[in-house]
4 protein chains.
Amino acid sequence: MTLATSLSTPAAASDLGRAAEPVSLAERYRTVRTATEQLCTPLHTEDYVVSSMPDVSPTKWHLAHTSWFFETFALAPFAEHYRPLNPKYAFLFNSYYVQAGERHCRAQRGLVTRPTVAEVYEYRAHVDAQLQPLLAQVDDDPQHPAREVLELGLHHEQQHQELLLTDIKHVFWSNPMRPAYRADRRVSSVPAPQGWTRVDGGVRDIGYEGSAFHFDNEGPRHRVFVQPSALAHRLTTNGEYLEFIADGGYRRPELWLSRGWATVREHDWRAPLYWESVNGAWHEFTLAGTGPLDPHAPVTHVSYFEADAYARWAGKRLPTEAEWEVVARTQPLAGRFVDAGVLHPHSDGASGLQQLFGDVWQWTQSAYLAYPGYRASAGALGEYNGKWMSDQWVLRGASCATPASHARVTYRNFFPSDARWQFTGIRLAHDVPEGEA
Amino acid sequence: MTLATSLSTPAAASDLGRAAEPVSLAERYRTVRTATEQLCTPLHTEDYVVSSMPDVSPTKWHLAHTSWFFETFALAPFAEHYRPLNPKYAFLFNSYYVQAGERHCRAQRGLVTRPTVAEVYEYRAHVDAQLQPLLAQVDDDPQHPAREVLELGLHHEQQHQELLLTDIKHVFWSNPMRPAYRADRRVSSVPAPQGWTRVDGGVRDIGYEGSAFHFDNEGPRHRVFVQPSALAHRLTTNGEYLEFIADGGYRRPELWLSRGWATVREHDWRAPLYWESVNGAWHEFTLAGTGPLDPHAPVTHVSYFEADAYARWAGKRLPTEAEWEVVARTQPLAGRFVDAGVLHPHSDGASGLQQLFGDVWQWTQSAYLAYPGYRASAGALGEYNGKWMSDQWVLRGASCATPASHARVTYRNFFPSDARWQFTGIRLAHDVPEGEA
Amino acid sequence: MTLATSLSTPAAASDLGRAAEPVSLAERYRTVRTATEQLCTPLHTEDYVVSSMPDVSPTKWHLAHTSWFFETFALAPFAEHYRPLNPKYAFLFNSYYVQAGERHCRAQRGLVTRPTVAEVYEYRAHVDAQLQPLLAQVDDDPQHPAREVLELGLHHEQQHQELLLTDIKHVFWSNPMRPAYRADRRVSSVPAPQGWTRVDGGVRDIGYEGSAFHFDNEGPRHRVFVQPSALAHRLTTNGEYLEFIADGGYRRPELWLSRGWATVREHDWRAPLYWESVNGAWHEFTLAGTGPLDPHAPVTHVSYFEADAYARWAGKRLPTEAEWEVVARTQPLAGRFVDAGVLHPHSDGASGLQQLFGDVWQWTQSAYLAYPGYRASAGALGEYNGKWMSDQWVLRGASCATPASHARVTYRNFFPSDARWQFTGIRLAHDVPEGEA
Amino acid sequence: MTLATSLSTPAAASDLGRAAEPVSLAERYRTVRTATEQLCTPLHTEDYVVSSMPDVSPTKWHLAHTSWFFETFALAPFAEHYRPLNPKYAFLFNSYYVQAGERHCRAQRGLVTRPTVAEVYEYRAHVDAQLQPLLAQVDDDPQHPAREVLELGLHHEQQHQELLLTDIKHVFWSNPMRPAYRADRRVSSVPAPQGWTRVDGGVRDIGYEGSAFHFDNEGPRHRVFVQPSALAHRLTTNGEYLEFIADGGYRRPELWLSRGWATVREHDWRAPLYWESVNGAWHEFTLAGTGPLDPHAPVTHVSYFEADAYARWAGKRLPTEAEWEVVARTQPLAGRFVDAGVLHPHSDGASGLQQLFGDVWQWTQSAYLAYPGYRASAGALGEYNGKWMSDQWVLRGASCATPASHARVTYRNFFPSDARWQFTGIRLAHDVPEGEA
C-alpha cells in the first residue's frame with residue numbers, strides 16, 4: 001500500500017520526530033484540525049456534497065460533524081456563554097448520539113446543499129476560535145475536566161480523517177467518469193516469502209493499561225487464555241488472492257459462511273470491491289484512479305466474509321484479536337506505540353511481523369464484544385463505542401489512511417461482516433498442536 | 001400564484017411584445033438557453049449537485065442534459081466533423097432515450113460530482129458555439145432538415161426550465177435549513193366568487209392542427225363527442241381546499257380512489273405537499289421559503305388522487321381534456337396562443353375562464369393516451385412522448401413555472417396519479433343534464 | 001381455448017337451453033352456489049389454504065368471502081334476527097369494503113389455517129340456510145328491496161368463480177411438483193386466416209341500458225365518437241405470438257411502453273406467463289399440467305404491456321372499448337346476450353367476429369374510467385367498481401373461465417398494465433383512413 | 001414454564017427411567033420418529049401447510065425434511081439399491097445443504113400444497129421401512145460407518161421437534177382467530193428470591209469430550225480463562241420484566257445496543273413477542289391460546305437485544321457461555337446429562353442453579369464462533385453447524401419444547417440478535433471484583 005506516506009506524512013513525520021517531547025493540546029488541536037482540511041485540498045466543491053451509499057457520508061458532513069463534536073461536548077458544557085453559530089447545526093451534524101438530541105436521518109446526509117462548503121469552513125473556524133481559551137486553560141491545568149473530551153475529540157477527528165478518505169474514494173468510484181483524488185500511483189515491490197511467528201499458549205494479558213489516551217473499548221486490561229498458534233509475517237497479497245479467485249473461490253459455497261455465500265450471490269461478488277476486469281485483465285480503482293492490479297500489494301477492500309473464505313481455502317484461519325495483540329506487543333517497535341500512538345509503519349524487521357500498521361486493517365475472527373469489566377461512560381459519550389457491540393468483528397492494526405499518531409497496539413476497530421469500503425485486508429494464522437515444539 | 005411574472009418575465013414579456021414578428025431561430029436559441037442559465041442565478045454550486053428523490057434531477061444534470069439533446073439530435077447528425085467535448089457525457093446525460101444508447105441510472109444522477117458545475121457550463125458553451133453554423137443554415141433555409149429537431153430542442157429545454165424549478169424547490173424543502181430560492185413572497189387578492197361556463201354537448205374537434213411547433217402527442221386533430229357540462233371559472237383556492245381538510249377529507253376513504261386511499265395511508269398524507277402545520281397554523285413552503293398559507297392562492301402540489309377526492313367531496317368532478325380544450329379555445333385570447341405559444345397569463349376576462357395558463361397545471365380526468373391516428377416518430381425521438389402513454393393523466397393549461405412562450409391550448413402535460421412535486425392544481429367541472437337550458 | 005366447455009357446461013348449457021324462461025332467484029342462487037363448490041372438486045384440503053402471490057387468494061377465502069358478501073349485504077340488513085355464525089368472520093372475509101369495517105390484511109390471507117375448509121363449508125351452509133326465507137320473499141315480491149343486492153351477490157360469486165380458477169392455476173404453477181387441476185388436455189384446430197370487420201366512424205351509443213342485471217360501471221348508456229377502424233375476426237394465436245418472440249419482441253425497447261420495458265427488464269420476461277422452454281421447445285402450464293405449446297390456441301396470460309407491444313410489432317393497435325362494443329353488438333347472437341347474459345361462446349359465424357366470449361379476455365386501449373354521468377352507489381357497495389377507476393385498462397369479452405351466464409356485451413373487466421395471471425389475450429385493430437371505402 | 005411435562009413426557013420419562021440401560025438404535029429411531037408425529041396430533045390438515053414468516057417452516061415441511069435427511073445421508077449412501085419415493089422431494093425438502101444439491105427457496109416453503117399431508121406421511125413411512133435393515137446392521141456392528149449419521153439424524157429430528165412447536169405457535173398467533181394447540185394452561189408458583197452462585201476466576205476446560213453423541217460445534221474441549229463472576233440461581237420472571245417495561249425500558253435508548261434500538265423503533269416493540277395488552281392488562285399468547293400473563297413464569301420470547309437491555313437496566317449482564325457451562329457442570333445432576341443427554345428438568349436443588357434445562361433457552365453474551373481447533377466435517381454434513389458462525393449468539397440450556405433426551409451441558413444453540421419466536425429467556429450474571437471473597 002502506498003497511501004500512508006503521501007497522506008499522513010506531515011502529521012506522522014512530525015509526530016515521529018518528537019515522540020518523546022510533550023506537545024501542548026492547543027498545538028495538537030491545530031495540527032489535527034489542519035490535517036483534516038489538508039485532506040480536502042484535491043476536492044472540488046461538488047465533491048463535498050454527495051453520499052454514494054448509506055455508509056458513506058459527504059466530506060462536508062465530516063468537516064461539520066467533527067466540529068459539532070467539539071461544540072457539543074466541549075464548548076457547550078465548558079465554555080462560558082458559548083453561543084452556537086447556528087442552532088440548526090446541532091440537528092444536522094449529530095451522527096448517532098441519541099442522548100445528544102434529535103438528529104438528521106443518516107440516509108439524507110447527501111441531500112443537504114446548505115450550509116455550503118464555505119459556510120461549513122466558517123463553522124469550523126468559529127468552533128476553532130471559540131475553543132482557544134478552553135484549550136489554553138486545559139494546557140495550564142492538568143486536572144481540567146475538559147481535558148478528556150478534548151483528547152477524545154482529536155481522536156474522533158482522526159477517525160473521520162480516515163472515513164473521509166474511504167468515503168471520497170467510494171464517491172469517486174461511483175462516478176462513471178472515475179475521477180482521481182491524487183495523481184501518483186505507486187507499485188509495490190516483490191514481498192518476501194511468507195513466514196510465521198509462533199504464539200505460545202497460556203494465560204496472557206491484553207487490553208490497554210496506562211494513562212495516555214485510549215478508547216474505552218480497549219480496556220480494561222484483563223487475562224485471556226491464548227491457544228498455541230502462529231501468525232503470518234506479512235499480509236496476503238493481491239497475487240495470492242488472485243489464486244483464490246482462479247480456483248473458483250467465489251463459486252464454491254463450501255468455502256463460505258452461510259450469510260457470506262448469500263451475500264456473494266445477492267451482489268454477484270466476484271472480486272474485492274474496486275476491482276474490475278478490463279479486457280480480461282484485472283484492474284483496481286484507487287485514489288489515483290483506475291490502473292492495473294498490483295500483484296504485490298496487500299489485498300484490500302475485502303469483507304470479513306471474503307477474508308474468512310480465503311483463509312479457509314488456504315487451509316488457515318484468521319487470527320483472534322488476542323493472538324494478534326500478544327504477538328504485536330513483542331515486535332521491536334511495540335514500545336513506541338503502545339502508549340504514545342507513535343509508530344513507523346514500514347520499519348518492521350524482516351524476521352518478525354511486518355505490515356502491522358499503515359497498510360490495511362486486519363480482520364480477526366473475534367466478535368466485537370465488551371472486554372470483561374467494561375463499562376460504557378454515562379451520557380451521550382457512552383454511545384461512542386459500547387452500543388455497537390453486536391454483529392461486528394474486530395479489526396486490528398491500522399491502514400494506509402489511518403493517521404500515524406492514531407494507531408495503537410490495543411486499538412479495536414470494528415465493522416460488520418459485509419463491509420468492504422474500508423481499507424481492510426488479511427493476515428493469516430493457524431493452530432499449532434499443543435505439544436509441538 | 002406569483003411565480004410567473006418574476007420567473008419568466010424577460011422571455012415572456014419580449015415574446016408578447018412582438019408576437020407577430022418573426023424571430024430567427026438563432027435568436028430564439030440564444031434567448032431560451034440564456035433563460036435556463038438565468039434560472040440558476042440564485043444557486044450555489046452545492047445546490048446543483050443533489051437529487052432529493054427519484055423524480056428530481058440535479059440542476060447540473062438539467063443544464064447538461066438539455067445540451068446533450070442538441071448534441072445528440074442536431075450536432076451529431078447535421079454538423080460536419082462534430083467532435084463531442086467528452087464522449088462519456090453521452091452516457092451520463094442521456095435521460096431515457098433507449099435507442100440513443102446506454103445511459104446512466106436515473107437513481108444515481110445525484111451521486112455524480114464530476115463534471116463540475118463549471119465544466120457543465122463549458123459543455124453548454126461548447127454546444128452553443130458548435131451549433132451556430134447550423135442555426136445560421138437553418139435560418140437561411142426554411143426546408144432545412146435540422147429545423148424540426150432544433151425547434152424540438154428549444155421546447156425540450158423549456159420543459160426542463162420548469163422541471164429545474166420544481167426540482168430545486170424539492171431539494172430546498174428536503175433540507176432542514178429550508179433555504180429560499182428567492183426573496184419576495186407575494187399574496188393573492190381575494191378571488192371572485194366561483195362561476196361556471198357551459199360546454200354544449202356534441203361532436204367537436206380537438207388537437208393541434210397547423211404548421212407551428214407542437215409536440216406529436218397534441219395531434220392528430222380529431223373528432224370527439226363532448227357531453228354537456230360546465231367548467232369552473234377559476235381554480236380551487238387554498239382556502240376552499242382547507243374546508244375539505246377540515247371536513248375530514250384525508251380521513252374518509254369513501255372520498256378516494258382505492259389506490260389513492262392506500263397512498264394516503266402509506267405516506268400519511270394530511271395536506272398538499274409543502275404544507276406544514278406550525279403551532280397549529282398552516283404554512284406553506286414556496287421558493288421564497290416557508291410562510292403562512294395564502295388562502296386566496298390556487299391550491300397546488302396536489303396529486304391526481306387529491307384532486308379527484310376534493311372534486312368528489314365538492315359534489316363535482318374534474319374536467320375531461322376535451323371539455324377543457326373546447327372551452328379554452330373560446331376564450332378571448334385563444335387566438336393568440338393556439339398557434340404561436342403566446343399568451344398573457346392574467347388577462348382573462350371576468351366573465352370567462354380565468355387562470356387557464358400561468359398559475360397551476362390542471363388535472364383532467366382523461367388518461368394520457370394516444371389520440372386516434374397518432375404515430376410516434378421513428379428512432380430515438382419517437383420516445384419523447386409516445387412511450388409514456390400508460391398509467392398517467394393529462395394535465396392542461398400551464399403553471400407559474402412554465403415559460404410563457406411554451407404554453408398552448410392543445411398542450412398535453414402528463415403525470416402519474418401520485419405525483420405532487422409539480423405545480424398541479426384543480427379546476428372543477430360538472431355534468432349538465434342533456435335537455436337543460 | 002378449451003376450458004369453457006368443461007368448466008362451465010352445467011350452468012351454461014342449462015341457461016342456454018331456456019334462456020327465455022324465467023328462473024326463480026332461489027333456483028339461480030342454488031345453481032350459482034353449487035357451481036362454486038363444484039369447481040373445488042379436484043382440490044385437496046391443502047390446496048384451499050395457500051396464496052402464491054399478493055393477487056392470489058386462497059380457495060378457502062373465495063368460498064368464505066362470497067358467503068360473507070351475502071351475509072353482510074343481504075342477511076344483516078334484510079333478515080330478521082340474523083346472528084352471524086362467527087363474528088370474527090366479518091373481519092377475516094371482508095375483501096376491500098372499507099366502509100363495511102376493518103378487515104384482514106390481504107397479504108396475510110394465505111397464512112390463516114382456521115377456520116378449516118370444513119368450517120368454511122359449514123359457513124356457506126349456514127348462510128345458504130339463513131337466506132332461504134329472504135330468497136322466497138324476494139321471489140314473491142318483485143319490488144323487494146333486497147332483490148338488487150341478491151342479484152349482485154350472484155354475479156359477485158360468479159366473478160370469484162373465475163378468480164378461484166385463475167388463482168388455483170397460479171398456486172399449482174408455483175409448486176415445483178406442478179400438479180394438475182384436471183386431466184384432459186385439448187388441442188385447438190387450425191384457425192382460419194385472419195379477417196377484418198370494418199367499424200364505420202361516427203357517433204354511437206355504448207353502455208348498458210335496460211332492466212336486467214348489470215354492474216354500475218356498464219352505464220349510463222351514452223354517445224361516443226368512434227373513429228373509422230377495423231377489428232380482427234379472431235384472436236391472436238400462440239403461433240403468431242411466437243413470431244413476435246422470434247423477431248426479438250422481448251429484446252427491442254422500441255416496441256414497448258416505457259413502464260412496460262422496465263417491467264420486462266425487472267422480471268426478465270421472455271414469454272407469456274406459464275410458458276417455459278423445455279429442451280428448447282416451448283411448453284405451457286395449463287390447468288391440465290405442463291405440455292407442449294398449442295400453436296393454434298389464442299395466446300393468453302399476456303399483460304397489457306405485452307399486448308400493446310405485440311400490436312405495435314404487428315403494425316396494428318388494440319381496439320378501444322367503444323369499437324369493440326359497437327362491432328360486437330352487430331354480431332348474429334348479440335341479441336341473445338345483450339340483456340340476458342346468455343351466449344353461445346363458439347357459434348360465431350365465419351364471416352364475423354369470432355371468439356368474442358369464452359376464450360380469453362381482450363385487452364383494449366381504453367383506460368378504465370367512469371362513463372359520463374356515472375355515479376357510484378352510496379355506502380360500501382359503492383366501492384364495488386368505482387374506486388378502481390385509475391391505472392387500469394378495460395378488457396372486453398369473457399374467458400374460458402367465465403361462467404357463461406356472466407358474460408355481457410357491455411361488460412367491462414379491468415386489470416393493471418402488468419397483470420398476467422388472468423386469461424387475457426389479444427384481438428387486434430387498425431385505423432381506416434377517413435374516406436376509405 | 002409448563003410445556004415440558006406435557007410435550008416431552010413420553011420420551012423424557014422413559015429415557016429418564018432407564019438412563020443407564022442401552023437402547024438399540026432401531027428402538028430409539030422408532031421413539032423419536034413417533035414423538036414427532038405425536039406432536040402433530042392436535043393439528044388439522046390446513047395447519048400443516050402454512051409459513052407465517054420467513055423463519056417459520058410449515059409442519060408438513062418439518063415432517064418431510066427430517067425424512068429427507070435420513071434418505072439423503074443414510075439411505076442414499078448406505079442402503080443398497082435405494083430408490084427414492086419421488087425424486088423431486090430431494091429438491092423440495094433440502095433445507096440449506098448447498099452441497100447436497102439445488103433446493104427449493106425457503107421463502108416459498110409455505111406455498112407448496114402438494115405433496116399433501118397424507119403423502120408426506122407416506123414418505124415418512126417409506127423412509128422408515130427402507131431404513132429398518134440398515135438400523136439392524138448398525139445395531140449389530142458398533143463400527144458400522146452409518147452409525148454416526150443415523151445418530152445425527154435422530155438429534156436433527158429432535159431439533160425439528162422443537163422448531164415444529166415454535167413454528168406452529170407462530171402460525172396460530174398470526175391468525176386473528178387465535179386457535180389453541182392444547183387445552184390446558186398452567187400457572188407457575190411464586191419463585192424463590194433470586195440468589196447468586198459464584199464462579200471463581202481462572203483457567204477452565206469447556207466443551208464436549210467423550211464418546212457419546214454431540215454436535216461438532218460442542219468441541220474440541222479446550223481451556224479458557226474465566227473471570228470471577230456470579231450467575232443468577234433462577235431465570236428472570238415475567239413480573240421482573242414488567243418492571244423494566246414500567247420503567248420505560250422500551251423507550252430509553254441508553255439501555256440498548258444501537259441495532260437493538262433501531263429494531264425496537266422499526267417494529268415498534270413494546271413487550272416480548274406474544275404479549276398483548278387487553279383492556280390495559282397484559283396477556284400472553286401461549287400454545288394454550290391467549291390468557292393473562294403469568295408473573296411468576298420465566299420471561300420468554302425475548303430477543304438478545306431485549307435480554308441485553310434488560311440486564312443493563314438491572315445493573316447486571318448476561319453470562320458468557322463459559323461461565324454458564326462451568327457452573328452448570330457443578331450442579332448436582334450434571335453427571336447425568338453431561339454425556340447421556342439425560343436430565344430431570346425440575347429437580348434442581350434450591351441452593352444451586354435452577355431452571356438450567358426445560359424452561360427457556362438462556363441468551364449468553366458470547367458470539368457463536370468456532371472453538372479453538374474446530375474443523376467442520378467434509379461434505380454436505382459439514383454445513384450443519386459451521387457455516388452459521390457469524391452474526392449469532394450462543395444460547396445455553398434447553399427449553400420447555402426441547403426433548404429431554406436432547407439436552408446437554410455442552411449444547412450450543414444459536415440465534416441472531418433479533419430472533420424472538422423461540423423459547424428464549426434471561427439468566428443474569430455479574431462481575432465479581434478479583435480479590436473479593
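- At a 4.5 Å heavy-atom cutoff, the contact between D/Pro176 and chain C is made by backbone and side-chain atoms alike.
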Enumerate the inter-chain donor-acceptor pairs under 3.5 Å for chain D and chain C, one line per pair.
| residue | atom | partner | partner atom | Å |
| --- | --- | --- | --- | --- |
| D/Glu46 | OE2 | C/Val117 | N | 2.6 |
| D/Asp47 | OD1 | C/Thr113 | OG1 | 2.5 |
| D/Asp47 | OD1 | C/Arg114 | NE | 3.0 |
| D/Asp47 | OD2 | C/Arg114 | NE | 3.0 |
| D/Asp47 | OD2 | C/Arg114 | NH2 | 2.5 |
| D/Lys88 | NZ | C/Pro176 | O | 3.4 |
| D/Thr113 | OG1 | C/Asp47 | OD1 | 2.5 |
| D/Arg114 | O | C/Asn175 | ND2 | 2.9 |
| D/Arg114 | NE | C/Asp47 | OD1 | 3.0 |
| D/Arg114 | NE | C/Asp47 | OD2 | 3.0 |
| D/Arg114 | NH2 | C/Asp47 | OD2 | 2.5 |
| D/Val117 | N | C/Glu46 | OE2 | 2.6 |
| D/Asn175 | ND2 | C/Arg114 | O | 2.9 |
| D/Pro176 | O | C/Lys88 | NZ | 3.4 |

Worked check of side-chain contact (heavy atoms from CB on, under 4.5 Å) between D/Val171 and C/Leu111: CA-CA 7 Å; D/Val171 166; C/Leu111 309 184; over 6 Å; no

